[in-house]
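Since we're looking at a predicted model, the values are computed, not measured. The analysis underlying the following values was restricted to heavy atoms, covering all of them including side chains, and did not include hydrogens, waters or symmetry mates.
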Amino acid sequence: RRVLFRSGDGTDSDHNAPVQITGIANVLQVATGFQHALALKADGTVWQWGSGSGTINQVSGLANQTLIEAGRYHSVSLQAVAQATKISPIVLSFPYGTTTLPAKLVTTKYNFAVRGRPLNFSLDGNPLGTVQTTASDVATASIPNATSYGIGDHTLKVIFAGDGIYGSSSRNIVLTCVKADINFPPLSTLVGVYGNTRLLRTTLRRQTDGAKLVGKPVRFKIDGNVVGYANTDSTGTSTLRYILEPTFTPTTHTYTAEYDGDNLHNMATVSGSLTIGSAPTSIAPLSNLSGVYGNTRTLIAVIKRLSDSAKIANLPITFSVDGFVIGGATTDANGKAIFNHKLEEDLTPGAHAYSADFAGDDYYNLSTRSAQLSVGKAPTILTEQDATGIAGRNITFYATLRRLTDGAKVSGRSVIFTLDGKEIGSANTTNGIAKLLILLPKNTTKGVHTLGVTFSGDGYYTSSTYTSATLTVN
């Protein structure tokens, strides 16, 4: 409420609530007397109102004032004497690519902070502009074309022109530009199985200004072993396409990206985890096979990993017929296992299931595949030895039964012997040979007679007959 003097808002009215004083800003201090009021502005001028004047007016003849006081019938102000200042460096070196450089302004005596004052910056004679000191007495200048300042010493010049309160000062500060550190973001956690392609990837950026570094070689390692190199592209990204192979065991490994640095940048490295698991496998469809006893059939299995269809070498493949193991083979460079199996009488004639099996190991999962093996009767051939005898005496006839497929002698089969077309007896083959001992009848005429031998066949072998042998009776 206005009391005895005017309010300073240009009116002569009473007020029951605060009103803003018009015509003044940037006020640091206000003092009130009996019938007047004073204001001290940031520029050091003093302003007054009241005691018959409703408007605010500058007090003439006062400048660079720092403190005011108003009494009953008097007013006083304190004029500042300019204090000596100095410019102090905050850093004595800066990494290549640095975009700002700071300096601070303090009083020479006591190192009091000097706030809100303009400092003029230049670097190697190139103007950087004028920047106000902050509440912490620091002014920070931006550096255009920061990468034009190479490794070595540079001169930062900082000037404070002074004012009525603080004296001027300037300083040439020698700063050393050093190599910049690299900002490597954390590597991704990778998981895969053998045959998977995984992208080992990192981004190379300069820490000072975040610039992407292009065309820089990055070395990638797994557990300390170099697995490849890749240069950074236009985005600063280096990517190595790596196929997971059994070079590394199925477990969690550490992979790293390394940059050796150059004349402007420091070396850097970053790590991540790579977990490798065993890969699923598949045996290609087997061929259906057929044959007869004595035939040799080639059983072929080709195994690949499902992750990339690559054929897998050096894996043991087991071959079975009707669930019984008949042999095995190791895969070659083309993932192929070959086993030659001879068809014998341990298999009955007819269709059988044969299979190729991989039992799995630490690196690859198990797989199996089946097909049909059909076994048929084998053709046979009979032969008989020519014989010589005397009527009324014992004589032995010999016949041999073989299978045509491989010439093997067939045992345990009954063979019928004939003389001049008439059956004279039978005998079982032992090691393929049938022997028939008979008493040659006394009435057998002297001369040459026809011998014959017949095998009637069975479930395993076809029939055969031989009639080209002779008996000479003396």
Side-chain angles (χ1 to χ4, degrees), residues 24-31 38-47 58-69 75-181 207-209:
I24 192 170
N26 299 321
V27 174
L28 297 179
Q29 182 187 357
V30 174
L38 302 176
L40 174 64
K41 292 178 62 174
D43 60 5
T45 60
V46 179
W47 298 70
Q58 182 178 350
V59 179
S60 60
L62 295 181
N64 299 324
Q65 304 300 300
T66 61
L67 187 65
I68 57 176
E69 187 61 62
S75 298
V76 294
S77 65
L78 178 65
Q79 183 174 352
V81 176
Q83 298 186 62
T85 61
K86 63 180 180 181
I87 292 168
S88 297
I90 294 178
V91 296
L92 295 178
S93 65
F94 62 95
Y96 175 74
T98 295
T99 56
T100 60
L101 284 175
K104 65 180 181 178
L105 181 64
V106 297
T107 60
T108 302
K109 192 175 183 179
Y110 304 125
N111 287 322
F112 289 155
V114 179
R115 305 178 180 90
R117 262 57 181 185
L119 301 185
N120 183 269
F121 289 80
S122 63
L123 184 60
D124 290 346
N126 301 311
L128 302 183
T130 300
V131 185
Q132 296 283 114
T133 56
T134 64
S136 59
D137 69 21
V138 175
T140 302
S142 298
I143 308 175
N145 304 315
T147 54
S148 63
Y149 300 94
I151 304 299
D153 290 341
H154 301 271
T155 300
L156 178 68
K157 187 171 186 178
V158 185
I159 299 174
F160 171 52
D163 54 24
I165 300 175
Y166 297 103
S168 63
S169 57
S170 66
R171 183 165 180 176
N172 290 330
I173 305 170
V174 177
L175 302 179
T176 301
C177 179
V178 298
K179 290 184 179 182
D181 287 335
Q207 204 170 76
T208 48
D209 58 358

| said: Is any side-chain heavy atom of Ser169 closer than 4.5 Å to one of Leu105? | reply: yes
| field | Residue list, salt bridge (Lys or Arg N to Asp or Glu O under 4.0 Å) with Asp209, at least two apart or on another chain | value | Arg206
| request: Can you measure from NZ (Lys41) to CG (Leu28) and round to the nearest 0.5 angstrom? | output: 10.0 Å
| said: If you compare all heavy atoms of Ala39 against all heavy atoms of Val27, which two are closest, and at what distance to 0.1 Å? | reply: CB-CG1, 4.1 Å
| query | Quick one: does Val91's side chain get under 4.5 Å of Pro102's, heavy atoms only? | reply | yes
| query | How far apart are the closest heavy atoms of Thr45 and Leu40, and which atoms are they? | reply | O-CD1, 3.5 Å
| task | Check whether any side-chain heavy atom of Leu38 lies under 4.5 Å from a side-chain heavy atom of Gln29, and answer yes or no. | result | no
| said: Restricting to non-hydrogen atoms, name the atom on Ile151 and the atom on Lys179 that form the minimum distance, rounded to 0.1 Å. | reply: CD1-N, 3.6 Å
| said: Measuring from atom CG of Asp137 to atom CZ of Phe112, what distance do you get when rounded to the nearest 0.5 angstrom? | reply: 12.0 Å
| query | Would you say the side-chain atoms of Gln83 pair up with the backbone N or O of Tyr166, donor to acceptor, closer than 3.5 Å? | reply | no
| field | Distance-minimising heavy-atom pair for Lys86 and Thr108 | value | N-OG1, 4.0 Å
| task | Please answer whether the main-chain N or O of Thr155 pairs with a side-chain N or O of Asp124 as donor and acceptor at a distance below 3.5 Å. | result | yes
| query | For the residue pair His154 and Tyr149, does the interplanar ring angle fall in the parallel (under 30°), tilted (30 to 60°) or perpendicular (over 60°) class? | reply | perpendicular
| How many angstroms lie between atom CZ of Arg171 and atom NZ of Lys157, to the nearest 0.5 angstrom? | 13.5 Å
| Min side-chain heavy-atom separation Pro144-Leu128 under 4.5 Å | yes
| message | So, using ring pair (Phe, Tyr, Trp, His ring centres under 6.0 Å) as the criterion, who are the partners of Phe121 when residues are at least two apart? | response | none
| query | Roughly how far, to the nearest 0.5 Å, is CZ of Arg115 from OG1 of Thr134? | reply | 8.5 Å
| query | Is a donor on one side and an acceptor on the other found under 3.5 Å between the side chain of Tyr96 and the backbone of Thr147? | reply | yes
| said: Do Phe160 and Thr133 have side chains that approach each other closer than 4.5 Å (heavy atoms only, starting at C-beta)? | reply: no
| In Å, rounded to the nearest 0.5 Å, how long is the span from CG of Leu123 to CD1 of Ile173? | 10.5 Å
| note | Smallest heavy-atom separation, Gly150 atom then Cys177 atom, equals O-CB, 3.2 Å
| field | Student check: side-chain heavy atoms of Asn120 and Thr130 closer than 4.5 Å | value | yes
| remark: Closest non-hydrogen atoms of Ala146 and Gly97, given as atom of the first, atom of the second and distance, are CB-O, 3.9 Å
| message | Within the 4.5 Å heavy-atom criterion, are Leu101 and Ile143 side-chain neighbours or not? | response | yes
| task | Report the residue from Leu119, Asp163, Thr85, Ile165 that forms a side chain to side chain contact (heavy atoms under 4.5 Å, CB included) with Val114. | result | Thr85
